[in-house]
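Naming convention: chains lettered A, B, ... in sequence-line order (proteins, then strands); numbering from 1 in each chain.
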Amino acid sequence: MRNSERTKVKHLLESGVAGTDVTAMGWVRTKRGNKSVSFIALNDGSTINNIQVVLDMNVFTEDQLKDITTGACIGVRGKLVESPGSGQRVEIQGSYIELFGAADATTYPLQKKGHSMEFLREIAHLRPRTNTFGAVLRMRHAMAFAIHKYFNERGFFYIHTPIITSSDAEGAGAMFRVTTLDVDNLPRTEEGQINWAEDFFGKEASLTVSGQLEGELAAMALSEIYTFGPTFRAENSNTPRHLAEFWMIEPEMAFYDIQDNMDLAEDFLKYLIRYALENCKDDLEFLNSMYDKELIDRLKFVVENKFERLPYTKAIEILEKVDQKWEFPVFWGADLQSEHERYLVEKHFKKPVILTDYPKDIKAFYMKQNDDGKTVRAMDVLFPKIGEIIGGSQREEIYDKLISRIHELHIPEKDVWWYLETRKFGSAPHSGFGLGFERLLLFVTGMGNIRDVIPFPRTPKNCEF
RNA sequence: UCCUCAUUAGCUCAGUUGGUUAGAGCACCUGACUGUUAAUCAGGGGGUCCUAGGUUCAAGUCCUAGAUGAGGAGCCA
């Protein structure tokens, strides 16, 4: 039995013609029946739906079917027929079965019944075989594809920024060190310091926390670019919204000001959500019915309504007027805590909010300074349930302003000389932002924990599989 | 990293004021059933009560420390 004769389950269910001979291959979800007839629910991952295989026990013996248990992998030849039962349009009247791989019923961990997300994380090697993770992984693919499609259709170029870097100029968080030194016998300088000159790159190196700075270099030549790659943060974050290894999309656009940047971010997010609604119907309906009854309505709401845009200063004014005890005080200059962001998004505006023009002291050095001398052209897109899904800004393109900010923050000039040169030679106003891919997936799938929208989550104390 | 909670059968959980042989549902195994839809019905097997100390005549239950997991906070995408 070969793949060349196989038809995918999705195709059989949607457009298979009754009366034709077909071959299906996949993994057994359940088997049930009696002495005269057996039913197998078969899934090959092409869709969340199973094809029902019906076996006449006058044709098959009990012994032939004893290894066809939940989790086993089989191939089936038979005739596609209209199903007399409710629940499926067509089914396969099986005439021949090949067992590719049995799954011992007493030790196979996945059952027909639901499992907790915590348990499934412990068997991440098998959880793609569940309905939930099948749905999540198909949607993860659909979103990745839609991201490339969106940018490609708009003339953005996909840039591969380095994974290994020697600069922490981004300041986006603690970094994972990359070294080939023998940690049991580190080379020392005469002063007793670790001698990084002997390391692989001849200097300290780490995994990237952002491709933005390199992305800007490309935007200063190709106008509109984006990156889409893995990102690493060694923060000891234990929350349902953080991963040590996650994927990030970072567009960077020459000639865009902060307004253009916001327009792009809003259009981009709506495009992706609309893409999910139009292309992931079955999976969304499953997730909607099993985990989050308001999921589809929430996605439609975001697509159909304009995001609220307001400057940080206005947000502070709103929060100061609210008659509510904050755990963290609200005053101009304070960074907004999640309780404040949640209030704005979930209670006050009841829709996505883009906050702009934050105090410069709570934002990164590269952000475009406003004329008031106090604020920078930052923008954070805040989503219900997720919080910050996008962080971005217009970048400071004026050399003198950028260098003075670098000095203020004591960033070593030698680490960012190449970045500064873009402001020396043909500088241009430009903007960009970072979208957390898994945070997008949290929103689009309605899952509650970011560890359940990535195949193999890396978090503090967890690097299994 | 801080705060809170949890850890008992393969899974999800119950277990009273500390008291005799630790239970249920599902899963699994056996049997019944001529079309099932998380099939149903009957029976059966299955336990390092997270780990290490401690209190006590007696600990799944109380105390201490640790491990792991979850929720909230911080950091951020």
Pair A/Thr30-A/Asn50, side-chain contact (heavy atoms from CB on, under 4.5 Å): steps then yes or no: CA-CA 10 Å; A/Thr30 69; A/Asn50 305 322; over 6 Å; no
With a non-hydrogen cut-off below 4.0 angstrom, is [X] in contact with a base, only sugar-phosphate, or nothing?
X: A/Gln52; answer: base
X: A/Phe328; answer: sugar-phosphate
X: A/Ile249; answer: nothing
X: A/Gln111; answer: base
X: A/Pro109; answer: nothing

Nearest whole Å is fine: how far is [N] [atom2] from [X] [atom1]?
X: A/Phe119; N: B/C26; atom1: CZ; atom2: C1'; answer: 13 Å
X: A/Glu339; N: B/C75; atom1: CD; atom2: P; answer: 11 Å
X: A/Glu464; N: B/U68; atom1: CD; atom2: P; answer: 13 Å
X: A/Lys363; N: B/C75; atom1: NZ; atom2: P; answer: 11 Å
X: A/Tyr358; N: B/C76; atom1: OH; atom2: C1'; answer: 12 Å
X: A/Leu355; N: B/C76; atom1: CG; atom2: P; answer: 15 Å
X: A/Arg29; N: B/A27; atom1: CZ; atom2: C1'; answer: 17 Å
X: A/Glu327; N: B/G74; atom1: CD; atom2: P; answer: 7 Å

Gap in Å between the two [atom1] atoms, one belonging to [N] and one to [M], rounded:
N: B/U51; M: B/U61; atom1: P; value: 10 Å
N: B/G69; M: B/U12; atom1: P; value: 15 Å
N: B/C13; M: B/G45; atom1: P; value: 26 Å
N: B/G66; M: B/A24; atom1: C1'; value: 32 Å
N: B/C76; M: B/A38; atom1: P; value: 47 Å
N: B/C63; M: B/G23; atom1: C1'; value: 27 Å
N: B/A77; M: B/C2; atom1: C1'; value: 23 Å
N: B/G18; M: B/U56; atom1: C1'; value: 9 Å

Ring centroid separation A/His340 to A/Phe328 under 6.0 Å: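 No.
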A/Phe307/A/Phe349 aromatic ring centres below 6.0 Å: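 Centroid separation for A/Phe307 and A/Phe349: 6.0 Å or greater.
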Neighbour count above 12 (heavy atom, 6.0 Å) for A/Lys270 NZ: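 More than 12 within 6.0 Å, yes.
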Heavy-atom neighbours of A/Phe465 CZ exceed 12 at 6.0 Å: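 Atom CZ in A/Phe465 is crowded, with more than 12 foreign heavy atoms closer than 6.0 Å.
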Donor-acceptor pair under 3.5 Å, A/Glu235 side chain vs B/U1 base: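 It does not, because no donor-acceptor pair links the side chain of A/Glu235 to the base of B/U1 below 3.5 Å.
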Side-chain-base donor-acceptor pair under 3.5 Å for A/His242 and B/C76: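 Such a pair is found, so the answer is yes.
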Per A/Glu388 side chain, nearest of listed nucleotides B/G74, B/A77, B/G35: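 Side chain of A/Glu388 sits closest to B/A77.
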Where RNA chain B forms stems, i.e. three or more consecutive Watson-Crick or G-U pairs with both distances under 3.5 Å: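 If one scans RNA chain B for consecutive Watson-Crick or G-U pairs, the stems found are B:1-7 with B:67-73, B:10-13 with B:23-26, B:28-32 with B:40-44, B:50-54 with B:62-66.
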Cationic N near anionic O, under 4.0 Å, A/Lys314 to A/Asp357: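 No, A/Lys314 and A/Asp357 are not salt-bridged.
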Pair A/Arg405 + A/Glu408: basic N to acidic O under 4.0 Å: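 Yes, charged N to carboxylate O under 4.0 Å.
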Step-by-step salt bridge (charged side-chain N to carboxylate O under 4.0 Å, His left out) determination, A/Arg298 to A/Asp292: CA-CA 10 Å; A/Arg298 191 161 56 245; A/Asp292 184 349; 2.4 Å; yes
A/Phe437 aromatic ring stacked with six-membered ring of B/A77, 5.5 Å and 30°: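 No.
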Output yes when at least one side-chain N/O atom of [X] is less than 4.0 Å from OP1 or OP2 of [N], else no.
X: A/Arg451; N: B/A70; value: yes
X: A/Asn34; N: B/U36; value: no
X: A/Ser237; N: B/C76; value: no
X: A/Lys35; N: B/C33; value: yes
X: A/Arg241; N: B/A73; value: yes
X: A/Asn449; N: B/G71; value: yes
X: A/Arg32; N: B/A39; value: yes
X: A/Lys461; N: B/U68; value: no
X: A/Ser338; N: B/G74; value: yes
X: A/Gln337; N: B/C75; value: yes
X: A/Thr30; N: B/A39; value: yes
X: A/Thr107; N: B/C28; value: no

Would you please say whether a donor-acceptor pair under 3.5 Å links the side chains of [X] and [Y]?
X: A/Asp267; Y: A/Tyr150; answer: yes
X: A/Glu216; Y: A/Tyr366; answer: no
X: A/Asp63; Y: A/Thr61; answer: no

Of A/Phe39 and A/Asn238, the one whose closest RNA chain B nucleotide lies more 5':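 Result of the comparison: A/Asn238.
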Comparing A/Ile389 and A/Pro240 on RNA chain B - which has the more 5′ nearest nucleotide: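 The answer here is A/Pro240.
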Whether A/Phe119 and A/His115 hold their rings parallel, tilted or perpendicular, with breakpoints at 30° and 60°: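 A/Phe119 vs A/His115 ring planes: tilted.
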Ring geometry between A/Phe365 and A/Tyr419 (parallel below 30°, tilted from 30 to 60°, perpendicular above 60°):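 Because their plane-to-plane angle is over 60°, the rings of A/Tyr419 and A/Phe365 count as perpendicular.
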Strand contacts (RNA chain B) in residues 85-97 of chain A, 4.0 angstrom heavy-atom criterion: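 Per residue number, the list reads A/Gly85, A/Ser86, A/Gln88, A/Glu91, A/Gln93.
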